[in-house]
*Asks:* 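Following this message is one structure expressed as structure tokens.
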Amino acid sequence: MAEEKSLNFIEEIIEEDLRAGKYKSIVTRFPPEPNGYLHIGHATAICLNFGLSKKYGGYTNLRFDDTNPVTEETEYVDSIKEDVKWLGAEWKNELYASDYFEQLYQFAVTLIKKGYAYVDDLTAEEIAATKGSHTEPGSDSPHRNRSVEENLQLFADMRAGRYADGEKVLRARIDMAHQNLLMRDPLMYRIRHAHHHRTGDTWCIYPMYDFAHGQSDSIEHVTHSICTLEFVPHRELYDWFIEKLEIFPSHQYEFARRNLTYTVMSKRKLKQLVEEKHVDGWDDPRMPTISGMRRRGYTPEAFQDFCDRVGIAKRENLIDVGLLEFCVREHLNKIALRRMVVFDPLKVVITNYDRENEFLEGENNPEDEDGGMRELPFGRELYIEQEDFMENPPKKFFRLFPGGMVRLKFAYIIRCDEVVKDDSGKVTELRCTYFPESRSGHDTSGIQVKGTLHWVSATNNVTAEVRLYERLFKVEDPSSEEGDFKDYINPDSLHTVTTAYAEPALRNARMDDRFQFLRKGYFTLDNKDTYHRLVFNRTVGLKDAWGKEQKK
RNA sequence: UGAGCUAUGGUGUAACGGUAGCACUGCAGAUUUUGAUUCUGCCUGUUAAGGUUCGAAUCCUUAUAGCUCAACCA
């Protein structure tokens, strides 16, 4: 029995269009403005647009909406392409709104000729003042009824650079009393004597978003132009231009942008975090940017899964970041190489171990039969985690305590015989005995233990720096709290373990490797600071039933 | 206080006039050489009030709540 996969509302629209024969295949686009870095919100838009065209047999263009020369830079174009590529999205064409400047200019001329556009001399303030309000109609500009010839000449003069910034604009001639404020003679072109990252100084007039986006969609024959809900009021204008221009009718559909708990998503706020040094940069592993999450060790597969699970709709939402963490754990659990790393060492001396150091074997990944094994040096002196020993353990403590026994993962069962302390009473060393016949995989000892600990040889290991990240904010929705969102920054979002002791296999860690440090979480090499030393970022922790139990 | 959009467990999303389902979270248990993974089970929901209908989460009305809109930004 075939399982009916339910469709989201956009898929329903597309299937209906396809069924009705409106299109044979679909074209979507991902249209970032190259003025900043991509974040998770963009990632969901990418998954949506590229996912749709893949599902329904079509393609997706990557189009840079570069109509504002003063905010846009090539640097951003490059980082955006890198991020999109990393997510696994393959665009059909790399396009730029600026590629269409000449065509857009001709569109504007067409509208002028049809009497649908005019050059206005009003200042920005005057235009705002005559715009009216939600309850009051606007009033016509005194230049609204210039002749077509005059408009044509003036617009050509604008292009030719005869005017200074702000001196003139081209407006659509619609209705200054329109219910929709966006339809009250919106601006189509403004003068900007500025260098453009691609067209250089060729142009000094630039189209506004509303006169560039829909037309670009149309030029590319985009069938389904998907954007976020705040553009709903723009749809009327979008359709108006296409109708008056009589060009390919692209259609705009809107969905609700995704919000995540314990973070902020607006460019303005992210920028503040970077500029005021609350984080290390746009790619700080705590940032919700794609570059930040990549650096932290998230995988494209996890994002894809996340997008699929979250779905798509039109209502406001605040998605539990726990879902993203679940997705990344689920993927990493399958692919991560298991390794042992001790963050806070407590020396263990095995008093009855008097032979040569030996090498034991440990599987790389119990989830992967073909994952292979690696060697683990074992010896008389080892490190275990400080927190894995308690002199006076509470109930249900499965780890080491005086007289207690645990298994060392991949190795032997040991018993704690003696606790060595320094003058201040701090435990500095445990003296233990091991049971030779309890060797992992060959255990004939018959001893049952509750706990299994990770460990590292004290004489054969490699040191590394480990960075542990917590949530960047203390509250679920920093933006909706009283006062400044920055008041809710979690001051302890980064813990650095400068010297952790790792098993030797980690010496050969590669940048795209994913690791699970046993009982510690998932880690990956930091792509910036790993140079002459190893620096690992914790992507996400393991589920921690014991930690939860303790909090009770 | 004009217009538009939206309202389903704690969270996200299905059900398209006919049994409110799935996932995450949470809780309980089993297995476990990671207190991980895996497996079982459980808790929790249609914003409200009317109306139409044999039957309403779904259609209608009203109310309520949230979001969006008056940049020469996108």
Side-chain angles (χ1 to χ4, degrees), chain A residues 4-8 12 31-33 35 65-68 70-72 97 120 122-125 127-128 131-136 138 165-171 178-182 184 187-192 205-206 208-210 212-213 227-236 254 256 258 261 267 308-327 329-330 333-334 338 340 362 366-367 396-399 406-411 413 438 440-441 443 449-454 476 516-521 541-550:
Chain A
E4 284 277 319
K5 179 87 169 77
S6 59
L7 304 174
N8 65 49
E12 283 182 1
E33 182 189 10
N35 71 344
D65 242 342
D66 55 350
T67 57
N68 186 354
V70 303
T71 58
E72 296 150 6
D120 200 350
L122 258 32
T123 64
E125 294 71 35
I127 288 176
K131 187 119 188 182
S133 71
H134 290 132
T135 48
E136 300 282 313
D165 288 6
E167 213 176 319
K168 285 191 168 32
V169 290
L170 184 73
R171 301 177 72 179
H178 199 106
Q179 185 76 260
N180 182 348
L181 262 39
L182 275 162
R184 319 248 257 229
L187 263 57
M188 293 166 60
Y189 270 91
R190 78 286 215 187
I191 298 170
R192 275 264 203 292
I205 57 172
Y206 292 92
M208 300 287 290
Y209 165 84
D210 285 304
H213 201 98
C227 61
T228 47
L229 243 24
E230 64 266 31
F231 289 96
V232 168
H234 293 254
R235 188 174 61 227
E236 197 170 11
E254 312 86 9
R258 330 277 19 174
T261 54
K267 194 171 289 176
D308 291 346
R309 286 171 187 269
V310 162
I312 166 101
K314 293 179 85 158
R315 59 172 162 168
E316 293 296 315
N317 59 76
L318 182 60
I319 302 157
D320 188 346
V321 71
L323 180 61
L324 213 208
E325 292 172 347
F326 167 82
C327 293
R329 279 194 195 102
E330 180 153 88
N333 178 48
K334 292 197 184 78
R338 310 298 137 120
M340 295 199 289
E367 303 286 320
K396 291 201 268 185
F397 185 79
F398 301 159
R399 286 114 95 143
V406 293
R407 171 172 294 282
L408 296 177
K409 180 73 177 174
F410 305 123
I413 291 173
S438 69
S440 193
D443 188 350
V449 294
K450 289 284 258 184
T452 301
L453 308 184
H454 64 281
E476 283 201 336
Q516 184 196 98
F517 293 175
L518 252 49
R519 308 206 299 136
K520 287 294 185 185
L542 259 21
K543 269 173 81 178
D544 182 10
W546 172 241
K548 206 178 279 178
E549 177 76 24
Q550 279 179 306

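Labels below follow one simple rule: chain letters A, B, ... track the order of the sequence lines, proteins then strands, and each chain is numbered from 1. Remember, predicted model here, so these are calculated numbers, not experimental data.
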*Asks:* Please report the distance, rounded to the nearest Å, between CG in A/Leu7 and C1' in B/U13.
*Replies:* 13 Å
*Asks:* Tell me, for nucleotides 69-74 of chain B in 5' to 3' order, what letter each nucleotide earns: B for a base near a protein heavy atom under 4.0 Å, S for only sugar-phosphate near one, - for neither?
*Replies:* BB-BSB
*Asks:* Could you work out, with side-chain hydrogen bond (donor to acceptor under 3.5 Å, both in side chains) as the rule, every residue matching A/Asp65, not counting sequence neighbours?
*Replies:* A/His213
*Asks:* In chain order, what residues pass the side-chain hydrogen bond (donor to acceptor under 3.5 Å, both in side chains) check against A/Asn68, with sequence neighbours excluded?
*Replies:* none
*Asks:* Applying salt bridge (charged side-chain N to carboxylate O under 4.0 Å, His left out), name anything that partners A/Lys548, two or more places apart in sequence or on another chain.
*Replies:* none
*Asks:* Should A/Ile312 and A/Arg258 count as side-chain neighbours, where that means a heavy-atom distance under 4.5 Å?
*Replies:* yes
*Asks:* Between B/U58 and B/A7, how far apart are the two C1' atoms, rounded to whole Å?
*Replies:* 13 Å
*Asks:* If you pin A/Asn317 and A/Arg235 to their nearest nucleotides in RNA chain B, which one's is more 5'?
*Replies:* A/Arg235
*Asks:* How many whole angstroms separate atom CD of A/Glu136 from atom P of B/A3?
*Replies:* 14 Å
*Asks:* Looking at residues at least two apart in the chain, or sitting in another chain, which of them share a side-chain hydrogen bond (donor to acceptor under 3.5 Å, both in side chains) with A/Lys168?
*Replies:* A/Asp121
*Asks:* Does A/Lys267 NZ have over 12 foreign heavy atoms under 6.0 Å away?
*Replies:* yes
*Asks:* If we take the C1' atom in both B/U61 and B/U68, what is their distance in whole Å?
*Replies:* 25 Å
*Asks:* Let me confirm one number: the CG-CZ distance from A/Asp165 to A/Arg192, rounded to the nearest 0.5 Å.
*Replies:* 6.5 Å
*Asks:* Could you work out, with salt bridge (charged side-chain N to carboxylate O under 4.0 Å, His left out) as the rule, every residue matching A/Glu236, not counting sequence neighbours?
*Replies:* none
*Asks:* Restricting to non-hydrogen atoms, name the atom on A/Leu181 and the atom on A/Ser133 that form the minimum distance, rounded to 0.1 Å.
*Replies:* CD1-O, 3.8 Å
*Asks:* Say you pick atom P in B/G41 and the same atom in B/G55; how far apart are they, in whole Å?
*Replies:* 36 Å
*Asks:* In chain order, what residues pass the salt bridge (charged side-chain N to carboxylate O under 4.0 Å, His left out) check against A/Asp120, with sequence neighbours excluded?
*Replies:* A/Arg171
*Asks:* Quick one: salt bridge (charged side-chain N to carboxylate O under 4.0 Å, His left out) partners of A/Glu254, sequence neighbours excluded?
*Replies:* A/Arg235
*Asks:* Scan A/Phe410 against the nucleic acid and name what it touches under 4.0 Å (heavy atoms): base, sugar-phosphate only, or nothing.
*Replies:* base
*Asks:* Consider the side chain of A/Leu229, meaning its heavy atoms from C-beta on, and name the nucleotide among B/G12, B/C5, B/A14 that approaches it most closely.
*Replies:* B/C5
*Asks:* State, yes or no, whether a side-chain contact exists between A/Leu187 and A/Ile127 at a heavy-atom distance under 4.5 Å.
*Replies:* yes
*Asks:* If we take the P atom in both B/A15 and B/U47, what is their distance in whole Å?
*Replies:* 16 Å
*Asks:* To the nearest 0.5 angstrom, please state how far the OH atom of A/Tyr206 sits from the CD atom of A/Glu72.
*Replies:* 9.5 Å
*Asks:* Starting from Watson-Crick (N1-N3 plus N6-O4 or O6-N4) and G-U wobble pairs under 3.5 Å, report the runs of at least three that RNA chain B belongs to.
*Replies:* B:2-7 with B:64-69, B:10-13 with B:21-24, B:26-30 with B:38-42, B:47-51 with B:59-63
*Asks:* Can you label the angle between the A/Tyr209 ring and the A/Phe231 ring as parallel, tilted or perpendicular, going by 30° and 60°?
*Replies:* tilted
*Asks:* Expressed in whole Å, how much space separates the C1' atoms belonging to B/C69 and B/A57?
*Replies:* 30 Å
*Asks:* How far, in whole Å, is B/C27 from B/U37 if one measures between their P atoms?
*Replies:* 13 Å
*Asks:* Rounding to an integer number of angstrom, what distance separates B/G21 and B/G45 when you compare their P atoms?
*Replies:* 12 Å
*Asks:* With rounding to whole Å, what would you report as the distance between B/G4 and B/G10 at their C1' atoms?
*Replies:* 30 Å
*Asks:* Tell me: CG of A/Leu324 to P of B/C24, nearest whole Å?
*Replies:* 14 Å
*Asks:* Find the distance A/Glu316:CD to B/A65:P and express it as a whole number of Å.
*Replies:* 16 Å
*Asks:* Mark up nucleotides 34-47 of chain B, 5' to 3', with B wherever a protein heavy atom is under 4.0 angstrom from a base atom, S wherever such an atom reaches only the sugar-phosphate, and - elsewhere.
*Replies:* BBSS----------
*Asks:* Just jot down the side chain to side chain contact (heavy atoms under 4.5 Å, CB included) partners of A/Leu518, sequence neighbours excluded, or say none.
*Replies:* A/Arg338, A/Met340, A/Lys409, A/Phe410, A/His454, A/Gln516
*Asks:* Tell me: CD of A/Glu325 to P of B/G12, nearest whole Å?
*Replies:* 16 Å
*Asks:* Scan nucleotides 21-23 of chain B against the protein and return all N/O pairs shorter than 3.5 Å with their distances rounded to 0.1 Å.
*Replies:*
from: B/A23; atom 1: O2'; to: A/Arg309; atom 2: NH1; distance (Å): 2.8

